[in-house]
Structures are given as structure tokens and as C-alpha cells.
Amino acid sequence: MISPHSARGARREEETPQAGPRRTDPGRTDPGQAPPQAGSGRNGQAPPPQGPPVWDGPPPTGAAPARGGPLERARALFDRISIRWRLTITYGLLFFLAGMLLVFVIYMMVGWAINEAWPGVSLPDAPLAYEQRFQQEWLWWKHAAIDEAREALLSRTLLALVGVGILAIVIGYVVADRALRPIQQMTATARRLSGSTLAHERIALKGPDDELKELADTFDAMLTRLNVAFDTQRRFVANASHELRTPLTINRTVLEIALGDPEASEDLKALGRTLLEVNARNERLIEGLLLLARSERELSVRKPVDMRDVARTAVEQLAPVAEAAGVTVSTELQKAETVGDPVLLERCVSNLVENAIKHNLSDSGHLWVRAGIVEGVLIVQVANTGPHVPAYEVNSLFEPFRRLNADRVDSSKGAGLGLSIVRAVVRAHGGDVTAVPRDGGGLVVTVRLQPR
């Protein structure tokens, strides 16, 4: 976590928007001092957010999962191996099993062959006792020959089996790689596809009509349907943007002209101002819906973006709003570069800051904005004071048109799309956003993105 209170007592640079006022927080201490405890300060104000990089808290406590036996651990280890190595290992094991079975059969057949081919010798003119002794020794020599032949065969065959087995693993890896090459082609094509290339790029796998060719053709058909759906969505957004904005713009112009008439009565002007507010709210709602639809699509613009500059711009633009609401803004911004759509990222941070200003304490609120790289992850965090937020309500705040306590009547603070747009923008950039209630009231929203 990028904390304004360093555990080493080192001072961190705080940047404050020039357009907004800077108040003294009675619940805060100097950066060089130890951070106050929750609930400290003259007015019982909770201190600013601080702590370790992970704000989501420790994992839930509970009994440690029971460790399985050797078979379960071996199976879990095998499941983590890539499909290429699994095919290679399977091929190698099957080869070794077939080789061992072949060695066993040859081992037995060598004994049978020597036993069948061993010549029989008799001494008809010798005494009976000498004949019997000679036959016993001849039988012993036969068994000795069988044992020596089997031992020599087994030692040499096992060495050859090991060498050929290693060669079989290498060949199996090559064969598995060759068998998976069509899947690699499908994966690479699917990874390259975006909203701009979906219309003309397909997998188009060449080869026999087997299972892989059927899978690739199915993907191509699905991509065609997706292209039609994206085309329909783009046309709908463009048409809705025109059809919905134009009447509202005409209404606003007519109302402004009517309010500018010096002969208009006060009742008419009051009604006109009310209608202007309703019209402005509808315009914001339409802008939010269109932006949400755009954010949920594939990014069409990817540029290097420094989130420090994005956060600074968002804070400076909303500084008059914070000043009017009596909210003190503190920033701690460090270099944090990523790749994405600058407009969407700026709207994401602006929504977080605006939401933190709207849902804050009156005339004594505080707002903290941070940006930087923490443990290889780009972090943008916005925390604010405000009313208590139940933990079970936090996840629902990211749904469209959802407000705290499911309040749909008092909608003067917004349309309920701010955090929904934030989540859509962050997901479109391959990141994630989490929110947790802040000790003392308010919310801590953390956005995590991949650094450049």
C-alpha cells in the first residue's frame, strides 16, 4: 500500500490540487510521526487509510484443508502440468510398460527355447551310477545356461530399454507439439482478435476433416456470430447516441431561451430551472450508459498512460466540486505507467473521485487519492470518509443503478453508474477493482492494473 504515513518515519510528498482548499485534518499526524489509531482526533475522526499493500484484509480463518495421500498429491501435481508434457509423459509411460512386457515375454521365451533346444546325451556303456550322475550334471548345466542367458538378456535389454525410452520421450514431445500445433494456431488467432479485426480474420485451419478441423470451423462460425453481434451493438450505440442526445439538446436550448426572456414570470423561470436540472440529469444518465456500453467492449485505443498524470488531472478538474462540498483532498502520486485508453482511464479515476466527494461528510470530509507501483502491480486507490458502508452492500455497488441501501428514490447524487463504469473500464484493461468499508466510515476502492 502506498501509505501517507511511512513506517520508517520518512516524509512522503503530498500533492494537493491548486484549485481546491487545503484543510487541517485534526485526526491526522505529521508524516514523520506514528499514525494515529482509529477513532482518534478531537472530533473522533478516523485516520487516513494505511497499512499493508493488500487492503482486502487477511484470508478467512478456518481449518486447514486436509492433505490427501500420495496418490492425491501426485494427481494434483499431474493436473498442473501442461497438456504437452502430459501427453509426453503418457506416451513415455506407455512405451516403458510395453517395453517391460516385451522384455518379460522374451525373458520367458529364452528359457523355453534353450530348454527345447538343449540336446539329450546318454552313456549306454557306462555303469548305471555313473550314468545317473552324468544326467544330473547335464541337467544342472542346462539350467545354468538358461539362467546365464536370461541374466545377460535382462541386463542388456534393460540398458537398451532405458536408452530407447529416453529417445521415446523426446519423440513423444515432438509428436505432442506437432499434434497441438493446430490448437496453438487457434489460440494465437483468438488472442489477436479484437473488435477491429473480428470482421476479416478467422482461424481457417487447413487439413483433413478430423476433430481439430471441426473445432476450428466451429470457432470460425462463432466468430462470425460475434462479429454480427458487435456490429449490431456498435450501430445501436451510435444511433442511440444521436437519437437520445438530440432531443435533450433541443430541450436544453429551448429552456435556456425561455429563461433568458425578461418578460417571463418567476414561476415560469422556477419551472424552467427545474426542467433544466431534470434535462441535465437525463444527459448525464445517457452519457453514462453510452460510456458503460463502450467500456464493456474490446479496447480500440492502446497508448502508454501515466496514471499519476491521470489521477492529478481528475483531482484538479473536481477540485471546485470538492471545495463546494467542504471536502479536503490529499494526494500521494507516484509514477505509474500502463498501456490503455487514456480517455477511459481518466473517466475511471474521475468517477472514483467524484463518487468519493458526493458520498462524504458535509463540511468536514476527507478524500485520499494514491497512485503508484506496489510489488509489481499498478495501484490506484481512492478512500474517503463518509457514512458507514455495510460489508455485504459493497459488491452490489458495482452493479448498474445500484446505490447504498438500494435507494432508488433519492437519486440526486447520480444515476448509479459510476462504479459500474469503473469496473467495466478496469476489466477492459485486464485489471480488477475491489472495495472494502473503511474504519470510521466511508469506502476504500483499489484499482489494480498491469504496469507497462
Side-chain angles (χ1 to χ4, degrees), residues 78-88 90-91 172-244 286 288-303 338-345 347-348 395 398-402 417 419-434 447-450:
F78 187 75
D79 291 339
R80 290 196 294 268
I81 301 176
S82 65
I83 184 65
R84 180 182 289 105
W85 276 108
R86 272 189 276 178
L87 289 175
T88 304
T90 303
Y91 179 80
Y173 185 85
V174 175
V175 171
D177 182 76
R178 192 171 183 83
L180 294 176
R181 190 167 298 171
I183 299 180
Q184 294 173 353
Q185 179 183 347
M186 289 186 278
T187 303
T189 304
R191 190 172 295 157
R192 286 196 310 269
L193 288 174
S194 63
S196 58
T197 61
L198 193 61
H200 58 271
E201 188 169 359
R202 294 292 182 269
I203 297 174
L205 185 65
K206 305 297 182 181
D209 292 332
D210 54 5
E211 290 80 1
L212 291 177
K213 182 69 163 53
E214 183 180 359
L215 177 62
D217 293 342
T218 304
F219 269 116
D220 286 340
M222 182 185 66
L223 292 175
T224 302
R225 294 194 297 270
L226 285 176
N227 180 49
V228 173
F230 286 163
D231 241 3
T232 304
Q233 185 188 32
R234 280 192 290 266
R235 287 196 302 270
F236 171 77
V237 171
N239 294 334
S241 174
H242 175 74
E243 295 295 334
L244 295 176
I286 292 172
L289 288 173
L290 295 176
L291 181 61
L292 181 60
R294 176 189 171 193
S295 304
E296 290 178 340
R297 300 201 308 264
E298 180 75 19
L299 293 179
S300 57
V301 178
R302 290 184 180 273
K303 297 180 180 179
T338 186
V339 177
D341 190 328
V343 177
L344 291 180
L345 290 174
R347 186 59 182 269
C348 172
N395 290 333
F398 288 93
E399 299 296 328
F401 305 107
R402 293 297 297 270
L417 293 174
L419 291 181
S420 303
I421 294 174
V422 169
R423 183 176 64 178
V425 171
V426 172
R427 286 182 176 178
H429 286 80
D432 68 276
V433 55
T434 55
V447 173
R448 295 175 177 86
L449 298 171
Q450 289 296 327

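The line from CG of Leu180 to OG1 of Thr187 is 9.5 Å long, rounded to the nearest 0.5 Å. Between the OG1 atom of Thr434 and the CZ atom of Arg448 there is a distance of 4.0 Å, given to the nearest 0.5 Å. Rounding to the nearest 0.5 angstrom, the gap separating the CZ atom in Arg202 from the CG atom in Asn227 is 5.5 Å. Between atom CD1 of residue Ile203 and atom CG of residue Leu223 there is a gap of 6.0 Å, rounded to the nearest 0.5 Å. With values rounded to the nearest 0.5 angstrom, Thr90 atom OG1 is found 8.0 Å from Ile83 atom CD1.
Annotation: side chain of Phe219 is not in contact with side chain of Leu205 (no heavy-atom distance under 4.5 Å). The closest side-chain heavy-atom distance from Asp210 to Lys213 is below 4.5 Å. Val426 has its side chain out of reach of Arg423: every pair of non-hydrogen atoms, C-beta onward, lies at least 4.5 Å apart.
A side chain to side chain contact (heavy atoms under 4.5 Å, CB included) with Cys348 is found for exactly one of Asp341, Val343, Ile421, Val425, namely Val425.
Between Arg84 and Ala176, the shortest heavy-atom contact is O-CB, 3.9 Å. Among all heavy-atom pairs drawn from Val447 and Leu449, the shortest one is CG1-CG, 4.0 Å. Among all heavy-atom pairs drawn from Tyr91 and Gly172, the shortest one is CD2-CA, 3.6 Å. Residues Tyr173 and Thr88 come closest through the heavy atom pair CA-OG1, 3.2 Å.
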Candidate pair Thr338 and His429, rule side chain to side chain contact (heavy atoms under 4.5 Å, CB included), full reasoning: CA-CA 9 Å; Thr338 186; His429 286 80; 6.0 Å; no
Working note: Glu211 + Leu215, criterion side chain to side chain contact (heavy atoms under 4.5 Å, CB included); need CA distance, chi angles, decisive distance, verdict. CA-CA 6 Å; Glu211 290 80 1; Leu215 177 62; over 6 Å; no
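A donor-acceptor pair under 3.5 Å links the side-chain atoms of Arg86 to the main chain of Ile81, judged by distance alone.
The local environment of CD in Glu214 is sparse, with at most 12 non-hydrogen atoms from other residues, nucleotides or ligands closer than 6.0 Å.
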